[in-house]
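Single-structure report; data block below.
We count ligands from 1, going down the list as the structure has it; atoms in each ligand are counted the same way.
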Amino acid sequence: MQINLVSDTVTKPSYEMLQYMFNAEVGDDVYKEDPTVNELEDRVAAVFGMEAGLFFPSGTMANQTAIKLHTQPGDQLIADKYAHVYHFEAGGVSFNSGVSCCLLDGNRGMISANQIASAINNPDFFHSPLTSLVCLENTTNIGGGACYEMEELGKIKKVCEANNLKLHLDGARIWNALVAKRQNPKDFGRIFDTISVCFSKGLGAPVGSVLLGDKQTIKRALRVRKVLGGAMRQSGYLAAGALYALENNIKLLTEDHRRAKELANVLKKKSWVASVEPVETNILIFTLAPEYSEEAFVEKLKQKNISISVIGNRKLRIVTHLDYREVMHTYVIEILSKM
Ligand SMILES: *Cc1c(COP(=O)(O)O)cnc(C)c1O
């Protein structure tokens, strides 16, 4: 039994999901003639109460497209210091859009309306880059699966409106936030100009993200996606995996969250653990007491067939997911408890 807790991206499509994909009706999506892709885009847009959606091969491409749509070269965007759009998209912000990032020192990957307000460059001071976009992440990745309060998001929206800034949500794990905080997706749809959502993380589909926005924005997104090489043909087979996930797997996220909390509770009791960050969803970040090495610890777990990751700054990360089953969980708890 190999247990991979490195990321929620490691899941493989279940037999039922593959069966659903196998039976998908497909067409050429470059001509917008794939009924399954069209259905997915409409369904996801409806969930968030937004006008339109566009299917992407990756979350990175969906985020990068949004940034391109909301900025001009030379502009600046505001994000948290841990933001995926800054750290893990290979410099795409500057490569694709010619934009710089103003990174804020947020709380577990979340930035506040006040922080944003004080980071906006004076648009009349032509020496500075023009601030034109705010990118938020929910849940946060390196921030440890933290979720924004709707109230704070409302305040951030007000700051953006008052300063003529667009607001994008990197919602790779928005499903986890919706479940954990019992939030209404339509509230997110009202606040954000664009939202990218992912199907190949907690929801367990093999491939795919959807970018949401108003009709005009998504029409422009079609050209950017084409430029980036993301226009696909019979992608309905992939969209079917996402549709299956939307229908069946959202409710299973509560199990991932419960298991992450239970692992955190085991770690908190251990003398070799220095700190455990709060667990709100499926990501658990912790540090070891100073005398222990992260690499040696990871290697020790590996010998027990358990993989976890080192994410820098002495932090270790565990991510629970659909393919992390109860038998595995029982085993991991036993191993950690004995260490
Ligand atoms: C995984 C992830 C993405 C997108 O990643 P892809 O691997 O390109 O699909 C974007 N934002 C966050 C926060 C993520 O965790």
Can you list the atoms of ligand 1 that are under 4.0 Å from a heavy atom of E137?
-> 13 (C)
Pair N176-T281, side-chain donor/acceptor within less than 3.5 Å | no
Do the side chain of R317 and the main chain of G144 share a donor and acceptor less than 3.5 angstrom apart?
-> no
Relative to the ring of F48, is the ring of W175 parallel (under 30°), tilted (30 to 60°) or perpendicular (over 60°)?
-> perpendicular
Any chance the side chains of H84 and N63 put a donor and an acceptor closer than 3.5 Å?
-> no
Test of proximity, D170 against ligand 1: N or O pairs below 3.5 Å = yes
Considering only non-hydrogen protein atoms, determine which one is nearest to atom 3 (C) of ligand 1 and report residue, atom name and distance to 0.1 Å.
-> K201 NZ, 3.2 Å
Could you go step by step and tell me if R259 and E326 meet the salt bridge (Lys or Arg N to Asp or Glu O under 4.0 Å) rule?
-> CA-CA 9 Å; R259 290 180 185 129; E326 201 60 26; 2.7 Å; yes
Under the side chain to side chain contact (heavy atoms under 4.5 Å, CB included) test, residues paired with Q216 that sit two or more places apart = D214
Which ligand 1 atoms are under 4.0 Å away from a heavy-atom of S58?
-> 8 (O), 9 (O)
Give the atoms of ligand 1, by number and element, whose distance to some non-hydrogen atom of A172 is under 4.0 Å.
-> 2 (C), 3 (C), 10 (C), 11 (N), 12 (C), 14 (C)
Heavy atom of M61, distance to ligand 1 below 4.0 Å = no
Is it the case that more than 12 heavy atoms not belonging to K32 sit under 6.0 Å from its NZ atom?
-> yes
Of all heavy-atom pairs between I191 and G154, which one has the smallest distance, and what is that distance?
-> CD1-N, 4.0 Å
Are any of the N/O atoms in N141 less than 3.5 Å from those in ligand 1?
-> yes
Where on T140 is there a heavy atom closer than 4.0 Å to ligand 1, on the side chain, on the backbone, on both, or on neither?
-> neither
When you measure from atom 7 (O) of ligand 1 to every protein heavy atom, which one gives the shortest distance, and what is it?
-> T60 OG1, 4.5 Å
Atom 9 (O) of ligand 1 - nearest protein heavy atom and its distance = G59 N, 2.8 Å
Nitrogen or oxygen of E89 less than 3.5 angstrom from that of ligand 1 = no
Which of the atoms in ligand 1, numbered in the order shown and given with their element, are less than 4.0 Å from a heavy-atom of R173?
-> 15 (O)
